[in-house]
Amino acid sequence: MKRRLSLVWLGLLPLALLFSPQRAGATLDRSVVLENNVAYLHIAKTDGALSAAIPTALNRFQATNTIAGIVVDLRFANGNDVDDLPAIEQLLKQPRLPLAILINGQTSGASAKLAEDLREENTGLVFGSASENFQPDITVPANADDEKKFLNNPYAAGPHSPSADSSTNLLPFVDIDHTTEADLVREKIKDGDQDDTDHISAPPKPVIRDPVLARGVDFIKGVAALHLKTNQS
């Protein structure tokens, strides 16, 4: 029975690891897929290296997922070389997918200009708080200290984060098995081995606590649902 419980909880480990600090480089800090079809790119610095990092990440996602949209997280991002912006903007526009751009009061330099350019070109909507006299399309109040924690783990509740009732339920996806406890229980029942798992309850669905990220993902999912409904009409 202990072994079965270990297998059950092992399926939850990727949730803790998904947004653990990776620090793969000074440019594209983190890239994952949320909710099975939303690409998430956290950019730490806007420079020429993004021209290679962005297509590499998107190609990796699209190899196993049908991407519905992209979240470009520019919170706390900086950068000085605006000459690289046209190439970066073209890469983000090329997939012709809904784009949610996240900013805050510490988005500066070339990163703030990137967000502004993408909005002016009607490429996406900007969410978050004002940056360098640049107002987002959708203002989402957030505490800066909480936002730093959310960059490592958007599922961790901070002292200033909203309650679960006002958050968005999101189940992340990465390129590893996400078998849940409920999946294992169903397999046991299917195999006729139900006795030892009757008392195991399914774990609660993870709740994203980062209000800015949640709004961005909601926007992409809403546009994808509308597009699907239009195609079916």
Side-chain angles (χ1 to χ4, degrees), residues 19 21-32 34 38-51 53-54 57-58 69-93 97-154 156 158-162 166-168 170 208-220 222-223:
F19 277 85
Q22 297 176 14
R23 304 295 181 262
T27 298
L28 186 57
D29 187 62
R30 183 173 291 106
S31 58
V32 296
L34 299 175
V38 178
Y40 171 84
L41 305 174
H42 174 237
I43 294 172
K45 182 179 180 181
T46 299
D47 59 20
L50 282 175
S51 296
I54 290 174
L58 293 180
I70 305 170
V71 173
V72 178
D73 194 342
L74 294 169
R75 290 174 293 177
F76 303 101
N78 54 33
N80 299 316
D81 193 353
V82 295
D83 293 337
D84 295 314
L85 291 182
I88 296 169
E89 292 163 10
Q90 186 60 34
L91 287 170
L92 293 171
K93 290 163 56 179
L97 295 171
L99 195 68
I101 305 110
L102 314 185
I103 66 170
N104 66 3
Q106 297 186 48
T107 303
S108 61
S111 293
K113 185 67 166 58
L114 174 61
E116 187 174 3
D117 287 352
L118 290 172
R119 182 174 70 176
E120 288 182 353
E121 295 171 8
N122 294 319
T123 304
L125 288 182
V126 181
F127 299 81
S129 50
S131 169
E132 292 190 347
N133 299 318
F134 172 52
Q135 293 289 335
D137 296 298
I138 307 295
T139 299
V140 185
N143 178 274
D145 291 334
D146 280 354
E147 285 191 302
K148 290 179 181 179
K149 297 175 184 177
F150 289 143
L151 289 180
N152 289 333
N153 181 10
H160 306 96
S161 60
S166 60
S167 300
T168 300
L170 298 175
I208 198 166
R209 306 288 184 171
D210 183 342
V212 185
L213 176 58
R215 292 293 294 274
V217 173
D218 280 347
F219 162 68
I220 290 175
V223 172

Check: Ala100 main-chain N/O paired with Arg215 side-chain donor or acceptor under 3.5 Å: no

Within this structure, what is the CG-CG distance for the pair Leu92 and Asp117, rounded to the nearest 0.5 Å? 11.5 Å

The side chain to side chain donor-acceptor pair (under 3.5 Å) partners of Asp84 (sequence neighbours excluded) come to none

Point-to-point distance, once rounded to the nearest 0.5 Å, from CD of Gln106 to CG of Asn78: 10.0 Å

How close do Ser51 and Ala87 get, counting heavy atoms only, and between which atoms? OG-CB, 4.0 Å

Which residue pairs pass the ring pair (Phe, Tyr, Trp, His ring centres under 6.0 Å) test with at least one member in residues 103-131, sequence neighbours excluded? Phe127-Phe219

Heavy-atom nearest pair, Leu85 first then Ala110, reads CD2-O, 3.7 Å

For Asp137, is the CG atom crowded, meaning more than 12 foreign heavy atoms sit under 6.0 Å from it? yes

Applying side chain to side chain donor-acceptor pair (under 3.5 Å) to Lys93 and not counting sequence neighbours gives Glu121

Closest heavy-atom pair and its distance - Ala115, Phe134: CB-CE2, 3.7 Å

Which pair of non-hydrogen atoms, one from Asn104 and one from Glu147, has the smallest distance, and what is that distance? ND2-OE1, 3.1 Å

Spatial distance of atom OG1 (Thr107) from atom CD1 (Ile101) [nearest 0.5 Å]: 11.5 Å

Here the gap from Asp73 atom CG to Asp210 atom CG, rounded to the nearest 0.5 Å, amounts to 7.5 Å

Are side-chain heavy atoms of Leu50 and Leu41 found at a separation under 4.5 Å? no

